[in-house]
Protein chains: 2
Amino acid sequence: MGDADRISQVQKATLGLRGMIMSGEFGAGARLPEVALSERLGISRTPLRQAMDRLESEGLLERMPSGGCRVASFDLDDINDAIELRGVVEGTAARLAAERGADPELMTAAEQVLNEIDIAVSDPDSVDFDAYVGLNARFHEILAGLAGSAVIRREAERISNLPLASPSAFLRGQEVIPDFNASLIRAQGQHKAILEAISNREGARAEALAREHARLARLNFAFLKDADPRLATRIPGLALVTAS
Amino acid sequence: MGDADRISQVQKATLGLRGMIMSGEFGAGARLPEVALSERLGISRTPLRQAMDRLESEGLLERMPSGGCRVASFDLDDINDAIELRGVVEGTAARLAAERGADPELMTAAEQVLNEIDIAVSDPDSVDFDAYVGLNARFHEILAGLAGSAVIRREAERISNLPLASPSAFLRGQEVIPDFNASLIRAQGQHKAILEAISNREGARAEALAREHARLARLNFAFLKDADPRLATRIPGLALVTAS
DNA sequence: TGACGGATTTCTGTATACAGAATATCCAAT
DNA sequence: ATTGGATATTCTGTATACAGAAATCCGTCA
């Protein structure tokens, strides 16, 4: 495993703290005492502080005027707006890819991912959810970079890190979302249409499709938001959502 | 002036370092030694480090694999993409404001700003540039918040902080940009059309107008990018642009 | 019984010290 | 003269110490 274990303390802190927050370990709005946290994570305050800065820039924490941090809370509109914005930015990536022409290698890679998704969902009775989650994330990752713009890719990734805005956020809600399998099939159809539009240089169509694709996530969120609260342990970030 | 002087060390470091970088004091790609910088800024390494983290998340610095930071460099495409993306996000703010209906108070405030811009540019022989810069920034600030979405506003502000992506980035290039006064008038016309579309609930029109409005900045950038390099001292961030 | 004020305690913000890694320097050998 | 290697130096990452501010708690007074 080479140097995979040479993980820096701030990465350790960032991963650990983000996980704790996303899993809802602290209530939304809870203050985060630095000393206690640093002891729990087994690191000193300095790298923990850096991690908190990073999570603040991600929008998971907010500084309090009197000093210190607390975990941010999100209402239903925040989630929907973040999903909408992801659709807009991914739509821009798709449009620019169509207008400018996408890197053939990346297009091939994207098509390859879609083929693998086809396989994962081929048997309606035993869909490979784990594979789907990973492949879906990979597809959106490639899509964000398809315009060949570091700026676009960076911001798309950034927005995907907002709570529940990720393309994979709701893929663990199988038993709550009605016709979940059908929803996956539909999403896959949109994936293919987006790629087709890009390779046909149909910028406006590619953009509209990517936006509409993100709307699927809003639909799923609508089902999950008032489902069994125990789901919050499996859907990272769901615990941070407060009623609006 | 109350507590305006109670500025924290990390704010001091952030402002100072950002200013130095934007003014091109270090060449693009230069490494930033922490000890020397901390001495120059008159602070210790800890808050300086926080400031560097923040500037990294803003995209002005990038971490080097071997440790430490260097100032990022931007090619022409990066700048154009950042401007395009600002247009897209501001366009989304405008569209959502139109679709959802904007807060009347904010609309009034925006119109008030436009009235003041009218006054600032009323005399073609002596346009009040300083006033225009401030008012223009204010208008775009209000526009970003007009959809009533904290997520949208936050991301719009964030993108405006990217080098040369700000709505006011090129407003100091009077003597380089041809027909600069005409350009200001045209921009003001677009401002008014955007507000009109929003209050008419014309979402698609509002979005298209805001996007096109951002294109003015790309036009101005095209003039400035190969103008007298001495301009770089007056246009913050221009010094970070490298030939593509 | 409630509220106000002071003291205590906790917490954050900042500075500094230390260790390990990365980089530069210098000398020798080909 | 150039290249390789070993040493020395600089720099970063991390931990910890300290001071000042914020919050809490308790006692006293109305």
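So that the names make sense, note that chain A is the first sequence line, chain B the second, and so on, each numbered from 1.
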- Query: For A:Phe223, what residues pass the side chain to side chain contact (heavy atoms under 4.5 Å, CB included) criterion, not counting sequence neighbours?
  - Reply: A:Ile177, A:Pro178, A:Leu219
- Choosing from D:dT12, C:dT14, C:dT12, which nucleotide comes nearest the side chain of A:Val35? C:dT12
- With under 30° as parallel and over 60° as perpendicular, where do the rings of A:His140 and A:His213 fit, or are they tilted in between? parallel
- Message: Has B:Asp78 got a side-chain atom pairing as donor or acceptor with B:Asp75's backbone, closer than 3.5 angstrom?
- Response: yes
- Query: Whole Å only: how far is the CD atom of A:Glu34 from the C1' atom of D:dA21?
  - Reply: 14 Å
- Query: For DNA chain C, which residues in residues 39-56 of chain A have a heavy atom at a distance below 4.0 Å?
  - Reply: A:Arg45, A:Arg49
- Task: Give B:Leu32 one of three labels, base, sugar-phosphate or nothing, depending on what nucleic acid heavy atoms sit under 4.0 Å from its own.
- Result: sugar-phosphate
- Task: Give a yes/no answer on whether the side chain of B:Ser66 brings an N or O atom under 4.0 Å of OP1 or OP2 in D:dT12.
- Result: no
- Query: Below 4.0 angstrom, N of the basic side chain to O of the carboxylate: do A:Arg154 and B:Asp81 qualify?
  - Reply: no
- Rounded distance in Å - NZ (B:Lys12) to C1' (C:dA15): 13 Å
- Message: Between A:Glu58 and A:Asn161, do the side chains contain a donor N or O and an acceptor N or O under 3.5 Å apart?
- Response: no
- Message: Whole angstroms only, please: what is the CZ-C1' distance between A:Arg63 and C:dG13?
- Response: 10 Å
- Message: Expressed as a whole number of angstroms, how long is the span from A:Leu37:CG to C:dT10:C1'?
- Response: 15 Å
- To the nearest Å, how far apart are A:Arg70 CZ and D:dA22 P? 16 Å
- Message: Taking side chain to side chain contact (heavy atoms under 4.5 Å, CB included) as the definition, give me every residue that meets it alongside B:Ser38, ordered by chain and number, with sequence neighbours left out.
- Response: B:Arg45, B:Leu48
- Task: Mind calculating the distance between CZ (A:Arg31) and P (D:dA22) to the nearest angstrom?
- Result: 11 Å
